[in-house]
Visitor: 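My questions all concern the structure below.
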There are 2 protein chains.
Amino acid sequence: MDISNSEFEVLQALWRVHPADAQTVVDELNKEKSWHEKTVKTLLGRMVKKGAIEFEKNGRSYIYSPVLEVEAYQVQESQSLIERLFNGRIAPLVTGFAKNKNLSKQDIDELKNLIDNWEQKND
Amino acid sequence: MDISNSEFEVLQALWRVHPADAQTVVDELNKEKSWHEKTVKTLLGRMVKKGAIEFEKNGRSYIYSPVLEVEAYQVQESQSLIERLFNGRIAPLVTGFAKNKNLSKQDIDELKNLIDNWEQKND
DNA sequence: GGTAAAGAATTACAGGTGTAATCAATTTCG
DNA sequence: CGAAATTGATTACACCTGTAATTCTTTACC
């Protein structure tokens, strides 16, 4: 269930173009970096074996899709980080982040919005 | 510069007890899990080689300390996640998190506080 | 229908990881 | 002083990762 760094790059490309055959993924990836076709296919195969992506046959070739959509993956990864490093609490993450990188007005507005919603639902 | 999962467990124990010799780290770890002393020492050695921890000699044994304090490590890891997955923006992380796990009153208060501070400094 | 092209499966190989065991050096206890 | 115990260093070994090359299979063209 653990994706390696290289596998993750392929997964990101697949999110942009799925469903797609291997060659399409290779082409999408090669807009940015230049990985050998064989390398990309190995990584697709490894992710299939891990259950991170799946495929349907279409004649001679496979049509790949990610098992998790990008939003689900984001949630999974952020919760894992927050549990591992922040004892499950999100506010300290935000505070620590804000100490090092200044928040933008857009960030502040989005956070305010979130808080407003929360307050309407709860209390 | 990349810490493996097992190494990270050892590092967390070391944060709690540092500066400490190997045996102290082993004992601290064995409160929770039961790793062989040899395993822990291997991991300490590997982290020294990677520059994640350092030591001073004390007679026959080494006294280990983490190079990064836990706060610095938290910042480093959260920024890395935010860049990889959220294009460098933190608000979407919080929004996604809040969609799946409800925020607590404490979280909301801390976020409000952060926003107040921000508004006093900027605009 | 046989051969080339294309795609997937298998193999390769060095370096990292999990999990120790063995070796070597040093200290300490009898 | 010599044997035992302790501690770090070296070695082990299977599985994962990065990065492909080679082999096998199927399709498509001549």
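Residue numbering restarts at 1 for every chain, and letters A, B, ... go by the order of the sequence lines.
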Visitor: Quick one: on DNA chain D, does R46(B) or K38(B) contact a more 5' nucleotide (nearest heavy atom)?
Guide: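 Here K38(B) is the residue nearer the 5' end.
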Visitor: Which nucleotide wins on minimum distance to the side chain of R60(A), given the candidates dA8(C), dG8(D), dA28(D)?
Guide: dA28(D)
Visitor: Touch check for S4(A), heavy atoms < 4.0 angstrom, all strands: base, sugar-phosphate only, or nothing?
Guide: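 Sugar-phosphate contact only.
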Visitor: Parallel, tilted or perpendicular, judged at 30° and 60°: which one describes the rings of W15(B) and F8(B)?
Guide: perpendicular
Visitor: Output the rounded distance in Å from CG (L44(A)) to P (dG18(D)).
Guide: 14 Å
Visitor: Please determine if E71(A) and K99(B) form a salt bridge, counting it only when a charged side-chain N lies under 4.0 Å from a carboxylate O.
Guide: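 Between K99(B) and E71(A) there is no salt bridge, as every charged N stays at least 4.0 Å from the carboxylate O atoms.
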Visitor: Provide, to the nearest angstrom, the distance between the CG atom belonging to L11(B) and the C1' atom belonging to dT17(C).
Guide: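 Computing the L11(B):CG to dT17(C):C1' distance gives 16 Å.
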Visitor: Hey, does the side chain of Y62(B) come within less than 4.0 Å of dA9(D)'s phosphate (OP1/OP2), counting only N and O?
Guide: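 Yes, because at least one side-chain N or O of Y62(B) sits under 4.0 Å from OP1 or OP2 of dA9(D).
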Visitor: Which whole-number value in Å describes the distance from K49(B) NZ to dG8(D) P?
Guide: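 The answer, rounded to whole Å, is 16 Å.
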Visitor: Counting any heavy atom closer than 4.0 Å, what does L43(A) reach on the DNA or RNA strands: base, sugar-phosphate only, or nothing?
Guide: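 It contacts base atoms.
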Visitor: Using whole Å, report how far CD of E7(A) lies from C1' of dC16(D).
Guide: 9 Å
Visitor: Crowded around N87(A) CG? As in, over 12 foreign heavy atoms under 6.0 Å?
Guide: no
Visitor: What does S61(B) touch in the nucleic acid at a heavy-atom separation under 4.0 angstrom: a base, only the sugar-phosphate, or nothing?
Guide: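 It contacts sugar-phosphate atoms only.
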Visitor: Please report the distance, rounded to the nearest Å, between NE2 in H36(B) and P in dT6(D).
Guide: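 Distance, rounded to whole Å: 13 Å.
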Visitor: Measuring to OP1 and OP2 of dT19(D), would you say a side-chain N or O of T42(A) lies under 4.0 angstrom away?
Guide: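 It does not, given that no N or O in the side chain of T42(A) lies less than 4.0 Å from OP1 or OP2 of dT19(D).
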Visitor: Given dA20(D), dA20(C), dG8(D), which nucleotide is nearest the side-chain atoms of T39(A)?
Guide: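 The answer is dA20(D), which lies nearest to the side chain.
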Visitor: Look at K50(B) and dT17(C) and indicate whether a side-chain polar atom (N or O) is within less than 4.0 Å of OP1 or OP2.
Guide: yes
Visitor: What is the nucleic acid contact for N5(B), judged by heavy atoms within less than 4.0 Å: base, sugar-phosphate only, or nothing?
Guide: sugar-phosphate
Visitor: What integer distance in Å separates E54(A):CD from dA8(C):C1'?
Guide: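 Rounding to the nearest Å, CD of E54(A) and C1' of dA8(C) are 18 Å apart.
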Visitor: Figure out the CG/P separation between D21(B) and dG8(D), and round it to whole Å.
Guide: 7 Å
Visitor: Would Q23(B) and D27(B) count as having a side-chain donor-acceptor pair, cut-off 3.5 Å?
Guide: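 A pair is found: one side chain offers a donor N or O, the other an acceptor, under 3.5 Å apart.
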Visitor: Could you state the atom-to-atom distance from CZ of F8(B) to C1' of dG16(C) in whole Å?
Guide: 19 Å
Visitor: Using the side-chain contact (heavy atoms from CB on, under 4.5 Å) rule, take L93(B) and L81(B) through it: C-alpha gap first, then chi angles, then the decisive distance, then the call.
Guide: CA-CA 10 Å; L93(B) 188 166; L81(B) 180 93; 4.0 Å; yes
Visitor: On DNA chain D, compare the nucleotides closest to G59(A) and W35(A); which residue's is nearer the 5' end?
Guide: W35(A)
